[in-house]
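The structure under discussion appears below in the form of structure tokens.
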Number of protein chains: 2
Amino acid sequence: MYACTFWRLLRGEEGLIRRKVAELAGVSEATVSRVLSGAGTVKDDTAKRVMDAAKQLGYVPNALAQRFALRKSGNLGVILPLLPKVNLFSTFYFSEVLSGIGVTAKQRGYDLLLLFREADEARDYASLFRTQKIDGCIILGSKDTPGERAALAELKEREHPFCLVNQRFEGEAYNTVDADQKMGSRHAVRHLLRYGYRKICFLNGPPEYSNSLDRLNGFQQALAEAQVPFREEHVLIGNYSRKSGYRQTETVAALIRSGEVDAVIAANDRMAIGLMQGLKELGIRAGEDFALVGCDDSDVSSMMEPQLTSIRVPFYEVGCEAASRLLDLMTETEPSPPFEVKLPVKLIERASSKTTRSTAK
Amino acid sequence: MYACTFWRLLRGEEGLIRRKVAELAGVSEATVSRVLSGAGTVKDDTAKRVMDAAKQLGYVPNALAQRFALRKSGNLGVILPLLPKVNLFSTFYFSEVLSGIGVTAKQRGYDLLLLFREADEARDYASLFRTQKIDGCIILGSKDTPGERAALAELKEREHPFCLVNQRFEGEAYNTVDADQKMGSRHAVRHLLRYGYRKICFLNGPPEYSNSLDRLNGFQQALAEAQVPFREEHVLIGNYSRKSGYRQTETVAALIRSGEVDAVIAANDRMAIGLMQGLKELGIRAGEDFALVGCDDSDVSSMMEPQLTSIRVPFYEVGCEAASRLLDLMTETEPSPPFEVKLPVKLIERASSKTTRSTAK
DNA sequence: TTGAAAGCGCTAACAA
DNA sequence: TTGTTAGCGCTTTCAA
């Protein structure tokens, strides 16, 4: 009770506590500021007196006032799609990337402002800067649509620092951190070829995501390198959801049964799993009747039966890198050219693709 | 280029644009403020003139200044554990809850500040309020430890609005939104009994989480209701990770083989899946040799083979409810008693527990 | 219904 | 090395 009224008093006289600290330390308020913000030059001795006084009185500077005076919000915005409805991306992806961003931002004294982009909301990223809610932002789950392009162009034009994660825009030089998806597909193809599979089907995601294009690209390139002909009709399109993988069951089953296809690469784990389940219902088993490779190496890939071979994308590191680069850029004085970081991926071999096809048809 | 310099100018004269709006509308800056903040009484006619002028000049008030003047951050803090390291909770859980919070907060004009709690950091939630980074906060993944209790007690003492999600503290009346875990276990037990299983083993999580205690409680109660004896040695403890479920393989296998146990309820899906995998390796199959029920109904439960019966917890709604209640509380003037909301859960029956045990030993 | 002016808690010149 | 002082862009009394 005592403490309660004590603190209520304090709250009522926010400003006074600052003055008290100054008095207790025998300095001016400006010096208190200098000590606590770390800026300016203060004698070690006085600095210590101020610190002690502040600790004794439990004084913590008001970040809101601080940021207002500095005209910096101290926030890093993270824009992300509304997850539950459009569950295309995996929760795994977001958790990992977000954690990476969060840890990095915290290390560097920034807070994270989470901004959910609504489905068809007119995107106005720039106003987040105008209102000074954020000093920079990282955009997740961006798609190549006219509205998105316009919003990004505006950001760039006004020189607001931002960074895209896992998405590039053809013809625009934006800051990007991405996994090397193209290399991922190549690894997958080479892996399958090594095990004797030669008739590979590719279950891709929609082309609004540059990742989809990159993966297809790597797929084609790896085939070309091995002089295996590329068949357009062996490219299927889903929407990154498990259901969309499941929906391809009939098509893929026919391809496998006719001997036209003996392996499938899916552009993410969810589609791979949907397809695997569908085919299993028809008695066609991954790892035995055909080989299956997913992408993302999400936590579910090792929960499957058989466990799913997948391309590990270092999502956590992607988040770290994006935040780190963006914060660098925000603290630099002179403008630097846009960065396009590609992080290496790695094929994790598991049972779904490991049976050697010695008698390839 | 033109636009670019134009905006650079604007940025240089942030304050001026406000004045220009005032001039264009033929009013004072104070009136501009009144109109844009919606407060105060303004004639409809002048209000319209101001709005038009603002739109024409592209004026958006500076939220940072606004919040500073109002002494409100406009942020709802969400405190959550660092995910990647301590991957006890599922990413599914956090994504769902977070989305619920995010949507609700946005509807009510609040922004979300994400705060990662580091593993053993001295918890000082109160200073988030003192620095005015947040006006209220929702705490996820809280555990019953002395440090946590102290931090929460401080929040309460200083009358900072906060809400716990999925965690209660014995002896403390904090605002809480939780799923009805106790009811969940009861559903699970009754379901198993109905299918003829009578020897049920319970794989629980650690007791620092009140959920663990609730679930055990419901388990015992349901057994008592059905007059099935409760066996202390049939309660196993994991840590909510898949591995910890896997680690119980030997123990559970022995219990099943000896006929002492014919069904298992796990306190979350991850442990259920770990256990399922371990037992499968020993040739003991869920849904055939024993029944298995998980909890959370995370997205993986339907990706398993066999699919996992699980208790669906409305995580998204939990998030909505927590945010909604907390925001109510923050806008109320008079103090209200703490709320303890329990949301209903639902058993989702799948293959892992559906084979009727007609010949129960 | 509106304008003028004070002040939110902090930083950062400028002086001393 | 430190104190004084003038803002940061907004809200909000108080008068008109």
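A, B, ... follow the sequence lines: proteins, then strands. Residue 1 opens every chain. Values reported hereafter were calculated over all heavy atoms of this structure, with side chains retained and with hydrogens, waters and symmetry mates removed.
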Which residues share a side chain to side chain donor-acceptor pair (under 3.5 Å) with [X], sequence neighbours left out:
{"X": "R34(B)", "answer": "none"}
{"X": "N175(A)", "answer": "none"}
{"X": "Y93(A)", "answer": "N166(A)"}

Would you indicate which nucleotide in dG9(D), dT12(D), dT2(D) comes nearest to any side-chain atom of R71(A)?
dG9(D)
Taking only the side-chain heavy atoms of N62(B) (C-beta and beyond), determine which of dT11(C), dC10(C), dC10(D) contains the nearest atom.
dC10(D)
Return a table of donor-acceptor pairs under 3.5 angstrom between the side chains of residues 319-326 of chain A and protein atoms on other chains or two or more places apart.
unit_1: E321(A); atom_1: OE2; unit_2: R325(A); atom_2: NE; d: 3.0

Of V42(B) and A69(B), the one whose closest DNA chain C nucleotide lies more 5':
V42(B)
5′-ward residue of the pair Q66(A)/T46(B) relative to DNA chain C:
T46(B)
Helix axis bend for the helix from dT1(C)-dA16(D) to dA16(C)-dT1(D) - C1'-based end axes, five pairs, 10° rounding:
30°
Separation of atom [atom1] in [X] from atom [atom2] in [N], rounded to whole Å:
{"X": "L70(A)", "N": "dG9(D)", "atom1": "CG", "atom2": "P", "value": "12 Å"}
{"X": "K133(A)", "N": "dG9(D)", "atom1": "NZ", "atom2": "C1'", "value": "16 Å"}
{"X": "R67(B)", "N": "dC10(C)", "atom1": "CZ", "atom2": "C1'", "value": "18 Å"}
{"X": "L64(A)", "N": "dC10(D)", "atom1": "CG", "atom2": "P", "value": "14 Å"}
{"X": "D44(A)", "N": "dT2(D)", "atom1": "CG", "atom2": "C1'", "value": "15 Å"}
{"X": "K72(A)", "N": "dA12(C)", "atom1": "NZ", "atom2": "P", "value": "11 Å"}

So, is Y59(A) near the phosphate of dG9(C), with a side-chain N or O under 4.0 Å from OP1 or OP2?
no
Across all chains, not counting sequence neighbours, the salt bridge (charged side-chain N to carboxylate O under 4.0 Å, His left out) partners of K156(B) are none
Quick one: list whatever passes salt bridge (charged side-chain N to carboxylate O under 4.0 Å, His left out) with E23(A), sequence neighbours left out.
none
Under 3.5 Å, side chain of N75(B) to main-chain N/O of K133(B), donor-acceptor pair present?
yes
pi-stack flag for F68(A) and dC8(D), centroid dist under 5.5 Å, interplanar under 30°
yes
What nitrogen or oxygen pairs link the protein and nucleotides 3-6 of chain C at under 3.5 Å?
unit_1: dG3(C); atom_1: OP1; unit_2: S28(B); atom_2: N; d: 3.3
unit_1: dG3(C); atom_1: OP2; unit_2: S28(B); atom_2: N; d: 2.8
unit_1: dG3(C); atom_1: OP2; unit_2: S28(B); atom_2: OG; d: 2.9
unit_1: dG3(C); atom_1: OP2; unit_2: T31(B); atom_2: OG1; d: 2.5
unit_1: dG3(C); atom_1: N7; unit_2: R34(B); atom_2: NH2; d: 2.6
unit_1: dG3(C); atom_1: O6; unit_2: R34(B); atom_2: NH1; d: 3.3

Which residues share a ring pair (Phe, Tyr, Trp, His ring centres under 6.0 Å) with Y174(B), sequence neighbours left out
F162(B)
Distance (rounded to the nearest 0.5 Å) between T104(A) OG1 and Y316(A) OH
6.0 Å
